[in-house]
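To start, the structure itself, in structure tokens.
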Amino acid sequence: MKTRVAVFLGGRSPEHDISVVTGLQALHALDEQRFAAFPVYIALDGSWHVGEALRERKNYLPDASTLRELQRVVLDLSPNVDGRGRLLPTRGSGLFAKPKAIEFDVALFALHGLFGEDGRLQGLFDIANVPYTGMRQLPSGIFMDKAATKRILAGLEIPLLPSATVSRPAQGLVPKAAELERGMNGIEFPAVVKPMHLGSSIGVARAANIEELRASLPVIFRLDTEAIIEPFVENLVEYNVSVRNVSGRLLTSAIERPKSTEALLDFKAKYLSTQAGKGGSKQAGAVSQGMLSLTRDINPELPGKMQENICRWAKQCFSALPPGGVPRVDFLSNSKTGEIWLNEVNPCPGSFGYFLWEASAEPILFSDLLSFLIQEGFAAHRLTQLPADPTHPDARLFERRA
């Protein structure tokens, strides 16, 4: 019997479209000898859908006609003792027909950003007692919060930029200039402001003064409830590396250095152009050339101990909370001074960072990386199982009746 995998993609998130690309790449890269996979599309309004049309990229985003051909489903949250997931259709095939549940063994989360990568969906699946891939609820939630990440890592030797936070006001679009100035926490201009809980450089802006900072906040507050402000890094270069735990041994992927002619790597320059290809090949080395080579350097030559430091800090970050998945840890560097700082952690990076793992010191194909995530998900699920009655005998206040 093949393991039945539900690949979740889309989501009610500003990173919805990126998630669709990642999900389709994973769907087509899974080992067909071991897994029977099907897509579960989470639409922009949060509704869940299944159907054969969702396997093809040309059908995204589904129009009204396509949506009518799909089956809308919800997750079964009734008591689950066998650890299998069940999707319940919201309507039957006939007037009095009872909808037939769609069963699966594990959920493969290919979701980015809010309501998918940030611990909320993970918590739902923990309640449903269904195995899923990637980080668990707590580390997912913390690492998707840039300020919380800094607080968790503050006691380690990992270099971090100072920061200040701004919350979306209850009334009005942005705080007043004087209020912003008081909350800058000593950060001088130029500064960078970005959404607290989003990735992919969405909403990131450079501000030369307080008015430019205020002008950038309405865009951020349309997508997020908080913004984070950091000093602007001159001569900016980014370095990204992924980490995973293999039987207690922490491995790092190849390091990537995104290319950009801009002072800040915006969304399209950093991410979208690298996703233009189909990706997800099951063949070795299929993703190390072409589009990727135009937008990033893989395993660039780095000065001094920079490579050693990046990998060491990434492992320390990965171990700061219960490890899991293949998160990507991103760093910022001043290319002239050599200074480097940890920027953010992506619990579920775009395309699962498969091209970084194919070029790592211990290469692994995309299909094998997905198999690893699924097996890790099963193992994490087994560790969370409790007895049928988890109440300690000394804490029982009520009689147990058969």
Side-chain angles (χ1 to χ4, degrees), residues 5 7-9 15 18-19 21-23 25-27 29-31 35 106-113 116-119 121-122 131-144 149 199-200 239-256 271 274-275 279-282 287-288 292 296 298-299 310-311 313-331 342-381:
V5 182
V7 179
F8 283 77
L9 67 162
E15 298 176 72
I18 308 168
S19 171
V21 173
T22 296
Q25 288 176 332
L27 182 70
L30 280 164
D31 185 349
F35 306 110
V106 60
L108 176 63
F109 289 156
L111 298 160
H112 304 311
E117 191 181 4
D118 58 1
L121 195 63
Q122 289 79 359
Y132 60 88
T133 61
M135 283 189 166
R136 302 297 97 179
Q137 181 184 16
L138 177 64
S140 294
I142 290 178
F143 282 137
M144 278 298 292
T149 298
S200 303
Y239 297 102
N240 307 325
V241 66
S242 187
V243 190
R244 64 190 181 106
N245 179 12
V246 181
S247 301
R249 189 166 63 107
L250 298 188
L251 300 181
T252 52
S253 71
I255 295 174
E256 66 169 334
Y271 195 94
T274 70
Q275 302 302 320
S281 171
K282 300 174 186 176
V287 296
S288 60
L292 286 174
R296 62 197 62 208
I298 304 295
N299 282 325
I310 287 174
C311 293
W313 292 330
K315 289 179 180 179
Q316 288 179 326
C317 175
F318 182 69
S319 302
L321 292 168
V326 287
R328 195 188 71 224
V329 185
D330 298 350
F331 294 84
L342 189 145
N343 179 35
E344 63 183 15
V345 181
N346 299 269
C348 181
S351 305
F352 297 99
Y354 72 90
F355 51 90
L356 296 177
W357 289 106
E358 288 189 354
S360 64
E362 299 182 30
I364 180 173
L365 291 177
F366 190 19
S367 59
D368 294 329
L369 182 66
L370 295 173
S371 298
F372 163 81
L373 286 171
I374 290 170
Q375 295 309 314
E376 182 186 65
F378 280 126
H381 178 260

Beyond-backbone contact of [X] with [Y], side-chain heavy atoms, under 4.5 angstrom:
X      : Y      : result
Ile255 : Cys311 : yes
Lys315 : Thr252 : yes
Phe318 : Val329 : no
Asn346 : Asn240 : no
Glu117 : Ser140 : no
Val241 : Arg328 : no
Leu251 : Ile364 : no
Phe331 : Leu342 : yes

Measuring from atom [atom1] of [X] to atom [atom2] of [Y], what distance do you get when rounded to the nearest 0.5 angstrom?
X      : Y      : atom1 : atom2 : result
Ser242 : Phe355 : OG    : CZ    : 9.5 Å
Arg244 : Phe372 : CZ    : CZ    : 5.0 Å
Met135 : Asp118 : CE    : CG    : 13.0 Å
Asp368 : Asp31  : CG    : CG    : 7.5 Å
Ser351 : Ile18  : OG    : CD1   : 9.5 Å
Asp330 : Glu256 : CG    : CD    : 7.5 Å

Fill in: Partners passing ring-ring contact (aromatic ring centres under 6.0 Å, His included) against Tyr132 (at least two apart in sequence or in another chain)
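Residues passing ring-ring contact (aromatic ring centres under 6.0 Å, His included) with Tyr132: Phe109.
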
Minimum heavy-atom distance [X]-[Y], with the two atoms named:
X      : Y      : result
Ala26  : Leu108 : CB-CD2, 4.0 Å
Ala254 : Ala359 : CB-O, 3.5 Å
Pro349 : His112 : O-CE1, 3.4 Å
Pro139 : Pro322 : CG-O, 3.6 Å
Val7   : Gly23  : CG1-O, 3.7 Å
Phe352 : Thr22  : CE1-CG2, 3.6 Å

Worksheet item: Can you name the side-chain contact (heavy atoms from CB on, under 4.5 Å) partners of Ala380, sequence neighbours left out?
Response: Arg136

Worksheet item: Do the rings of Phe366 and Tyr354 sit parallel, tilted or perpendicular, given the 30° and 60° boundaries?
Response: parallel

Discussion item. Using a 3.5 Å distance criterion without hydrogens, assess whether the side chain of Ser19 forms a donor-acceptor pair with backbone atoms of Ala110.
Written reply: yes

Worksheet item: Can any side-chain N or O of Ser371 pair as donor or acceptor with the backbone N or O of Leu30 at less than 3.5 Å?
Response: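 It does not hold such a pair.
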
Item to complete: Identify, with sequence neighbours excluded, every residue that meets side chain to side chain donor-acceptor pair (under 3.5 Å) alongside Gln122.
Response: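 In terms of side chain to side chain donor-acceptor pair (under 3.5 Å), with neighbours along the sequence ignored, Gln122 is linked to no residue.
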
